[in-house]
Amino acid sequence: MTIEVLKSKIHRVTVTEANLGYVGSITIDEELLEAADIIPGEKVQIVNVNNGERIETYVIRGERGRGQVCLNGAAARKAAVGDVVIIISYASMEFEEAKRFVPRVVFPDTATNRLVK
């Protein structure tokens, strides 16, 4: 039996852009992606702390060190610039493996979206 478990989480970042004209996805600063062990193209759930919206989309790598968190395409309708979101990825694994698995969770500075050192 396999189950879905939390793999990675970027906890409480601020939306810096909303680009309705783009095809879709979320663009995230490369530094945040690496810290959270999330890769471009990976499916993520985005939870908007301000309005309760929850959406799923895929990740695009943003420029390193800019703190960019940009919702693209239809996702841009689910959050406004300045909203705080939580970005979550999940993994399917065998039950016994899941018991031992430790997810990667990062807590960036919400004001700058940069890693707290």
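Between the side chain of Asn51 and the backbone N or O of Ala79, no donor-acceptor pair lies under 3.5 Å. In this structure, Lys7 contributes its side chain and Asp37 its backbone to a donor-acceptor pair below 3.5 Å. Of the possible donor and acceptor atoms, one in the side chain of Asp29 sits under 3.5 Å from a partner among the backbone N and O of Arg66. With hydrogens and angles disregarded, no donor-acceptor distance shorter than 3.5 Å links the side chain of Ser92 to the backbone of Thr2. Side-chain N or O atoms of Asp109 include none that pairs as donor or acceptor with a backbone N or O of Val116 at under 3.5 Å.
No more than 12 heavy-atom neighbours from other residues, nucleotides or ligands sit within 6.0 angstrom of CZ on Arg77.
The hydrophobic cluster containing Val85, built from Ile/Leu/Val/Met/Phe/Trp/Tyr side-chain heavy atoms closer than 4.5 Å, also comprises Ile10, Val13, Val15, Ile26, Ile28, Leu32, Leu33, Ile38, Val44, Ile46, Ile55, Val59, Val69, Leu71, Ile87, Val106, Leu115. The other residues sharing a hydrophobic cluster with Ile86 are Leu6, Val47, Val49, Val84, Ile88, Tyr90, Val105, Phe107, where clustering joins ILVMFWY side chains under 4.5 Å apart.
Ile3 CD1 to Glu97 CD: the interatomic distance, rounded to the nearest 0.5 Å, is 10.0 Å. Rounded to the nearest 0.5 angstrom, Asp83 CG and Glu53 CD are separated by 10.0 Å. Note that OG of Ser89 is 11.5 Å distant from CD of Glu56, once rounded to the nearest 0.5 Å. Note: Glu34 CD to Arg61 CZ = 8.0 Å, rounded to the nearest 0.5 Å. The structure places NZ of Lys9 at 15.0 Å from CZ of Arg104, a figure rounded to the nearest 0.5 Å.
Nearest heavy atom pair, residue Ser8 against residue Ala36, reads OG-O, 2.6 Å. Scanning both residues, Ser25 and Thr57, for their nearest heavy atoms gives CA-OG1, 3.0 Å.
Looking at Gln68 and Glu63, their side chains never bring a donor and an acceptor atom within 3.5 Å of each other.
The hydrophobic cluster containing Met1 also contains Phe101, counting ILVMFWY residues as joined when their side-chain heavy atoms lie under 4.5 angstrom apart, directly or transitively.
Between Glu31 and Arg114 there is no salt bridge, since none of the side-chain N atoms of the basic residue sits less than 4.0 Å from a carboxylate O of the acidic one.
Between Tyr22 and Ile60, some side-chain heavy-atom pair lies under the 4.5 Å cut-off.
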